[in-house]
Each structure stands twice: as structure tokens, then as C-alpha cells.
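Here the structure comes first, spelled out in C-alpha cells, and everything after it is commentary.
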Amino acid sequence: MRGLLRSPRTRAEKRRRRQLRVRKKIHGSGERPRLVVFRSLKHIYAQLIDDTVGKTIVGVNDRSKGIKVEGSGKIGKAFAVGQLLGARAKDKGIRNIVFDRAGYMYHGRVQALADGARKGGLEF
């Protein structure tokens with residue numbers, strides 16, 4: 001990245017700024033880990049991270065084993081990723097989380113992943 005002192009020019013730089021601004025305020029712990037979303041053009045990834053230790057507790061993507069897609073397209077995959085993440089987190093004894101949308105709008109696939117995680121048993 002070119003530098004943080006000048007104004008951002010590209011969409012990626014603007015997203016990175018939003019991501020860092022939110023990251024200052026949101027921290028995950030062992031009791032309440034941070035749910036991070038990464039969205040590429042084809043796939044979606046989600047992780048539960050304990051920031052006190054710096055470890056990933058659970059990680060899921062749309063190509064993980066055990067995913068059951070209901071519906072069509074990328075939004076259906078995102079909802080299924082959220083459900084699977086919720087189920088795996090429940091197995092580890094995690095119910096409460098902090099949601100980090102990583103600079104993305106809470107819309108479309110990011111919203112579907114959050115709704116799937118709620119249906120999977122997680123509380124935000």
C-alpha cells in the first residue's frame with residue numbers, strides 16, 4: 001500500500017482504511033472471539049479468532065467438507081458457511097461472538113453469512 005497519510009484512491013485502499021478503523025475498536029477474546037469475513041469474487045471465508053492469543057479457533061469456507069448449500073448462487077453458499085461455522089463453534093463451546101465485517105458493507109453475502117451463523121447457534 002502506498003501510505004496511510006494520503007487520501008485513498010482505489011476501492012481496495014478505501015476498504016482497507018475502513019477495516020483498520022473498525023479493527024481498533026473490535027477485539028476478540030477467548031469467551032467472545034471475533035468472526036472475520038473475507039469475500040473474494042468467487043468464494044467466501046469466515047474465521048473465529050481469539051485476539052488475545054492471536055490464534056484462529058475455527059475456520060470455514062465454501063469449499064469445506066460438510067457444507068450443505070440450500071438455495072442457489074453465492075448468497076446460498078455464504079448462508080451455508082455461516083451455518084457450518086455456527087455448528088463447529090458450538091462443538092467447541094462458543095456461543096457469543098463479535099462480528100467483524102472487515103470493511104465490507106453489511107449486505108448480500110456478508111449479511112447472509114451473519115444470518116447463517118445466527119441460525120447455526122451463534123449470538124452477536
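Everything numeric here is computed off the predicted structure, so don't read it as measured data.
Taking both residues in full, the closest heavy atoms of Tyr106 and Ala114 are given as OH-CB, 3.6 Å, listed atom of the first, atom of the second, then distance. Between Tyr104 and Val37, the shortest heavy-atom distance links the atoms CE1-O, 3.7 Å.
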* Where do Arg63 and Tyr45 land on the side chain to side chain contact (heavy atoms under 4.5 Å, CB included) test, with the steps shown first? -> CA-CA 9 Å; Arg63 295 174 287 174; Tyr45 308 84; 2.9 Å; yes

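Between atom CZ of residue Phe38 and atom CZ of residue Arg101 there is a gap of 16.0 Å, rounded to the nearest 0.5 Å. Once rounded to the nearest 0.5 Å, the distance linking CG of Leu84 with CZ of Arg88 reads 4.5 Å. Expressed to the nearest 0.5 Å, how far CG of Leu35 lies from CG of Leu122 amounts to 7.5 Å. Rounded to the nearest 0.5 angstrom, Arg23 CZ and Asp100 CG are separated by 4.5 Å.
Follow the hydrophobic side-chain contacts under 4.5 Å out from Val110 and you reach Val81 in the same cluster. Hydrophobic clustering, with ILVMFWY side chains joined whenever heavy atoms are under 4.5 angstrom apart, keeps Ile26 apart from Phe124. Both Ile57 and Leu113 are assigned to one and the same hydrophobic cluster, defined by single-linkage of ILVMFWY side chains at heavy-atom distances under 4.5 Å.
Using a 4.5 Å heavy-atom cutoff, the side chains of Lys14 and Arg18 are in contact.
Judged by distance alone, with hydrogens and angles left aside, the side-chain atoms of Arg17 form no donor-acceptor pair with the main-chain N or O of Gly103 at under 3.5 Å.
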Residues 67-74 side chain polar contacts: donor-acceptor under 3.5 Å, at least two apart:
unit_1 : atom_1 : unit_2 : atom_2 : d
Lys74  : NZ     : Leu41  : O      : 3.1

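Within the structure, salt bridge (charged side-chain N to carboxylate O under 4.0 Å, His left out) contacts touching residues 38-55 (residues at least two apart or in different chains) are Arg34-Asp51. Sorted by first and then second residue, the salt bridge (charged side-chain N to carboxylate O under 4.0 Å, His left out) pairs involving residues 108-123 (not counting sequence neighbours) are Arg95-Glu123, Asp115-Arg118.
Tested against Leu85, the residues Ile94, Ile97, Val58, Asn61 include a single side-chain contact (heavy atoms from CB on, under 4.5 Å) partner, Val58.
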